[in-house]
Amino acid sequence: MPRKVLQLDGGFNFRDLGGYPSAQQTTVKWHRLMRAAHLANLTAADCQQLEDLGFKLVVDLRSTAEAQQFPDQLGPQMRRVHLPVFDNDETESAASTAQIQRLFARDPLGGYHRMLRVYRRLVTSPQAQQAYHELFALLLATQGKTGVIFHCSAGKDRTGMAAMLILRALGVPPQRVMADYLLTNSASTAHIAQRVAAVAPGPRQQNFQQSVRDLASVQLDYYQQAMGLIDYEYGGMTTYLRDTLKLTATDEQKLRHWYLA
């Protein structure tokens with residue numbers, strides 16, 4: 001069986017969505033949908049490995065500023081499409097330690113509350129909704145003929161939301177979707193530890209350190225924040241996909257035909 005978490009020299013949290021079971025007694029095809037953190041540090045060998053697996057389309061969900069500061073490294077066969085979910089990095093995934101300290105040093109729950117707000121915006125922001133609508137349009141346009149990598153900076157929030165929506169549209173059970181979301185922490189262990197370790201030690205740094213950890217990782221509360229909004233404000237995932245993201249029943253059937261086996 002192919003690896004769920006891809007090991008790359010210059011990338012982390014690269015995860016193939018293949019192998020998840022759907023409600024139709026089929027599974028998501030391998031090497032067609034990849035969720036990931038940024039591609040800015042990929043080596044030539046990394047790019048070749050991704051191309052060899054069939055990944056030729058890269059969808060960048062980061063803000064314009066993030067994409068300009070840390071541009072994706074692409075192989076010669078790869079094509080990039082930019083679909084910014086937010087105008088800026090509301091998740092703080094690309095922020096420096098000094099920037100985060102100015103915002104979150106006083107309150108140990110500052111990072112946690114920031115992330116809850118981010119997940120509300122991932123569901124309710126018109127720009128986010130448009131970006132996810134266009135992501136589905138790309139998946140429909142490629143017809144499953146080429147692998148698609150969709151990513152943000154850390155591959156956990158904007159990308160995590162995209163993965164939730166795609167997997168649910170493909171009929172993957174909610175518990176599996178939630179498990180995929182939470183897999184980010186184990187797939188990003190070194191990255192999270194690096195972010196926390198960048199906080200200088202000291203008796204007054206505990207609040208800041210906790211906020212950095214909350215910003216760098218995922219939590220069940222974040223997932224439930226998004227799913228709760230979709231259920232109670234939009235009438236459930238099926239209604240949200242159809243009415244808000246404009247994914248028709250025919251679109252859903254096509255996606256399942258092309259991306260399930």
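What's counted below: heavy atoms across the whole structure, side chains too, no hydrogens, waters or symmetry copies.
One N or O on the side chain of D46 and one on the backbone of D9 form a donor-acceptor pair closer than 3.5 Å. Although no hydrogens or angles enter the test, the distance criterion places a donor-acceptor pair under 3.5 Å between the side chain of K156 and the main chain of L215. Judged by distance alone, with hydrogens and angles left aside, the side-chain atoms of T142 form a donor-acceptor pair with the main-chain N or O of L139 at under 3.5 Å. Between the side chain of Q129 and the backbone N or O of V123, at least one donor-acceptor pair lies under 3.5 Å. When atom types are taken as modelled, the side chain of T43 and the backbone of G10 share no donor-acceptor pair closer than 3.5 angstrom. With Q73 contributing its side chain and L42 its backbone, the two residues share no donor-acceptor pair below 3.5 Å. Looking only at distances, a side-chain donor or acceptor of N13 sits under 3.5 Å from a matching main-chain atom of A154.
Taking each heavy atom of Q219 and Y181 in turn, the nearest pair found is O-CE2, 3.5 Å. The two residues A162 and L61 make their nearest non-hydrogen contact at CB-CD1, 4.1 Å. Closest approach of L116 to Y222, counting heavy atoms only: CD2-CD2, 3.9 Å. Of all non-hydrogen atoms in A249 and R242, the two that sit nearest each other are N-NE, 3.7 Å. Nearest heavy-atom pair, A226 versus M161, reported as atom, atom and distance to 0.1 Å: CB-SD, 4.1 Å.
With rounding to the nearest 0.5 angstrom, the CG atom of D251 is 10.5 Å from the CG atom of L241. Between the CG atom of L57 and the OG1 atom of T146 there is a distance of 6.5 Å, given to the nearest 0.5 Å. Atoms CE and CG, from M237 and L167 in turn, are 10.0 Å apart once rounded to the nearest 0.5 Å. With values rounded to the nearest 0.5 angstrom, I149 atom CD1 is found 4.5 Å from L50 atom CG. Remark: Q68 CD to H82 NE2 distance equals 8.5 Å, nearest 0.5 Å. Taking CD of E51 as the start and CG of L74 as the end, the distance is 9.0 Å to the nearest 0.5 Å.
Criterion: ILVMFWY side-chain heavy atoms under 4.5 Å apart, direct or through other members. Under it, L255 and L33 are part of a common hydrophobic cluster. Residue F136 is grouped with residue V81 when hydrophobic side chains (ILVMFWY) are merged at heavy-atom distances under 4.5 angstrom, including chains of intermediate members. Clustering ILVMFWY residues whenever any of their side-chain heavy atoms sit less than 4.5 angstrom apart, transitively, puts L245 in the very cluster that holds L138. Criterion: ILVMFWY side-chain heavy atoms under 4.5 Å apart, direct or through other members. Under it, M178 and V28 are part of a common hydrophobic cluster. Each of F55 and F150 belongs to its own hydrophobic cluster when Ile, Leu, Val, Met, Phe, Trp and Tyr are linked at side-chain heavy-atom distances under 4.5 angstrom.
Side-chain atoms of V85 and D157, non-hydrogen and from C-beta on, never get closer than 4.5 Å to each other. Between L17 and L170, the closest side-chain pair of non-hydrogen atoms is not below 4.5 Å. Within the 4.5 Å cutoff, no side-chain heavy atoms of Q210 are placed close to those of Q206. In this structure, Y119 and Y223 have side chains that are not in contact, with every pair of non-hydrogen atoms separated by 4.5 Å or more. K56 has its side chain out of reach of R79: every pair of non-hydrogen atoms, C-beta onward, lies at least 4.5 Å apart. Side-chain contact between R195 and S217 is absent, with no heavy-atom pair separated by less than 4.5 Å. No side-chain heavy atom of D16 sits less than 4.5 Å from a side-chain heavy atom of L6. Taking the side chain as every heavy atom from C-beta outward, C47 and Q77 never approach each other to under 4.5 Å.
Annotation for Q143: atom CD counts as buried by contact number, over 12 foreign heavy atoms lying within 6.0 Å. For R213, the CZ atom is loosely surrounded, since the number of other residues' heavy atoms within 6.0 Å does not exceed 12. Counting heavy-atom neighbours within 6.0 Å of R176 CZ, excluding the residue itself, gives a total of 12 or less. Within a 6.0 Å radius of NZ in K4, other residues, nucleotides and ligands contribute more than 12 heavy atoms. Around NE2 of H257, the count of heavy atoms belonging to other residues, nucleotides or ligands within 6.0 Å does not exceed 12.
Legend: residues meeting ring-ring contact (aromatic ring centres under 6.0 Å, His included) with F14, ordered by chain and number and at least two apart, are absent. Residues passing the side-chain contact (heavy atoms from CB on, under 4.5 Å) test with R32 are K29, Y259, sequence neighbours excluded.
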Output a table of donor-acceptor pairs, distance under 3.5 Å, between side-chain atoms of residues 19-26 and any protein atom two or more places apart or on a different chain; print 'none' if there are none.
from	atom 1	to	atom 2	distance (Å)
Y20	OH	D180	OD1	2.8
S22	OG	Q24	N	3.2
S22	OG	Q24	OE1	3.1
S22	OG	T26	O	3.3
S22	OG	T26	OG1	2.7

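Under the 3.5 Å distance criterion, with hydrogens and angles disregarded, a donor-acceptor pair is assigned to the side chains of E134 and Q130. Q225 and D221 share no donor-acceptor pair across their side chains, judged by distance under 3.5 Å alone.
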Next item on the list: Show your working on side-chain contact (heavy atoms from CB on, under 4.5 Å) between L122 and Y132 and close with a plain yes or no.
Entry: CA-CA 10 Å; L122 286 171; Y132 293 133; 3.6 Å; yes
Next item on the list: Could you check D60 against L83 for side-chain contact (heavy atoms from CB on, under 4.5 Å), going step by step and ending with a plain yes or no?
Entry: CA-CA 6 Å; D60 190 345; L83 299 179; over 6 Å; no
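Checked for salt-bridge contact, R62 and D72 meet the test: a charged N lies under 4.0 Å from a carboxylate O.
Ring geometry for H38 versus F12: interplanar angle over 60°, hence perpendicular rather than tilted (30 to 60°). Ring planes of Y234 and Y240: perpendicular class, angle over 60° (limits at 30 and 60°).
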